[in-house]
There are 2 protein chains.
Amino acid sequence: MNLQAFLPYRLAVLSEAVSRCVSQVYGERFQLTRDEWRVLAALAESDAMKSTAAALYTTLDKMQVSRACTRLEGRGLIRRDEDPEDRRNKILRLTPEGRDLLDQVVPLVQAREADLLRALDFQERLALEQVLDKLLARARSISQSG
Amino acid sequence: MNLQAFLPYRLAVLSEAVSRCVSQVYGERFQLTRDEWRVLAALAESDAMKSTAAALYTTLDKMQVSRACTRLEGRGLIRRDEDPEDRRNKILRLTPEGRDLLDQVVPLVQAREADLLRALDFQERLALEQVLDKLLARARSISQSG
DNA sequence: TATTGTTATACTCTATAACTATA
DNA sequence: TATAGTTATAGAGTATAACAATA
């Protein structure tokens, strides 16, 4: 057994290091948790989004989304509107303040990502894309089958 | 902002999926936490190890190692001996029971890893190795510099 | 009866730092 | 004074499930 070469360990260490590196930006400067950041990032792409869609999109579960939204709403960064078509749903929307915050945080976070990717050449970036997709699909299929 | 394409997000999702997939083995069947598993895996390689060395090797901090060891010792899987050369140190060793457990769990965990890696061809595995190392080094250097 | 979202609860992790014993 | 390891504590995150409102 060689832990240093063990893929799950290496992925965990890398993911933690990368996450730390990015959460320095959205966490320390903008006081967002990872879940709040994910929900905001989801809303950055589509103006309005049901909670269930946000959960799917961010791979969070409904509680995590609910709690993140409570905090984001409390800070005035999003609204949660009723869905007239099905009043069980909540429709999440950025407020102007939320949009402002995103306009500040997104470039900084993307700069961090770019900085990370600068460690790789074009070929390596392409390879990484493929490999991440394939491993994720495999990991999910293994977990399901026990 | 496209969360799905955002590298830190993708790494976090993958790492979580892979970790879940592996901890099904050491967690459900052998009742080990991730930290306990890491400490045991470290001891699988060298018969005796100081706590500080174990912390470095597993990228855990001294508390995490201390607590994992308390539980492992409680289950009779490791011993913590005094270091005659410097009595502040604790020397960690597998007991025969710990060795037995490792002999059972390691092949299963490695089979999971092999199963994961079956998603990739030889070139992709090589590329993955390189890319993980480079990204980790970069992430650490970025975090340090703020 | 099923679904959406909220709340409750218990559990685990994490981070900081105080503490002890040695050096 | 510094280091190794333990313990304490508070805060954050996670998982399960109960619950209210709606369909």
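Fair warning: this is a prediction, and the values are worked out from it, not measured in the lab. Residue numbers start from 1 in every chain, and the chains themselves are labelled A, B, ... in the order their sequence lines are given, proteins ahead of strands.
For the residue pair A:Arg29 / A:Gln104, no side-chain donor-acceptor distance below 3.5 Å is found, with atom types taken as modelled. In summary, the side chains of A:Arg38 and A:Gln64 do not present any donor paired with an acceptor at a separation below 3.5 Å, with no hydrogens or angles considered.
For D:dG13, neither phosphate oxygen OP1 nor OP2 lies less than 4.0 angstrom from any side-chain nitrogen or oxygen of A:Gln64. Listed pair A:Arg88 / D:dC19 fails the phosphate criterion, with no side-chain N or O lying under 4.0 Å from OP1 or OP2. Regarding contacts with the backbone of C:dT6, a side-chain N or O of A:Lys90 is found under 4.0 angstrom from either OP1 or OP2.
The number of heavy atoms from other shown groups lying within 6.0 Å of CZ (B:Arg71) is above 12. Other residues, nucleotides and ligands contribute only 12 or fewer heavy atoms inside 6.0 Å of the CZ atom of B:Arg20.
Among pairs with a residue in residues 52-88 of chain B, none fulfils ring pair (Phe, Tyr, Trp, His ring centres under 6.0 Å), at least two apart in sequence or across chains.
Straight-line distance from the CG atom of A:Leu56 to the P atom of C:dT3: 14 Å, rounded to whole Å. Counting to the nearest Å, the P atom of D:dA4 and the CD1 atom of B:Ile91 are 13 Å from each other. Regarding A:Glu28, its CD atom lies at a distance of 13 Å from the C1' atom of C:dA15, rounded to whole Å. With rounding to whole Å, B:Glu16 atom CD is found 11 Å from D:dG13 atom C1'. For the pair A:Met63 CE and D:dA17 P, the computed distance is 11 Å after rounding to whole Å. Rounded to an integer number of Å, the gap from B:Asp61 CG to D:dA4 C1' is 13 Å.
Residues B:Ser143 and A:Cys21 form a side-chain contact, since some pair of their non-hydrogen atoms from C-beta on lies under 4.5 Å apart.
Remark: B:Ser66, B:Arg67, B:Arg80 in residues 65-85 of chain B come within less than 4.0 Å of DNA chain D through at least one heavy atom. Listed by residue number, the members of residues 30-54 of chain A with any heavy atom below 4.0 angstrom from DNA chain D are A:Thr33, A:Arg34.
For the atom pair CG of A:Leu117 and NZ of B:Lys134, the computed distance is 12.5 Å after rounding to the nearest 0.5 Å. Here the CG atom belonging to B:Leu40 is positioned 11.0 Å from the OG1 atom belonging to B:Thr58, to the nearest 0.5 angstrom.
Nearest to the side-chain atoms of B:Lys62 among the listed nucleotides D:dG5, C:dA8, C:dT16 stands D:dG5.
Remark on DNA chain C: of its neighbouring residues A:Asn89 and A:Arg20, the 5'-side contact belongs to A:Asn89, judged by nearest-heavy-atom nucleotide. Each of A:Asp86 and B:Asp86 was matched to the nucleotide of DNA chain D holding its nearest heavy atom; the match closer to the 5' end belongs to B:Asp86.
Between A:Leu116 and B:Leu135, the shortest heavy-atom distance links the atoms O-CD2, 3.6 Å.
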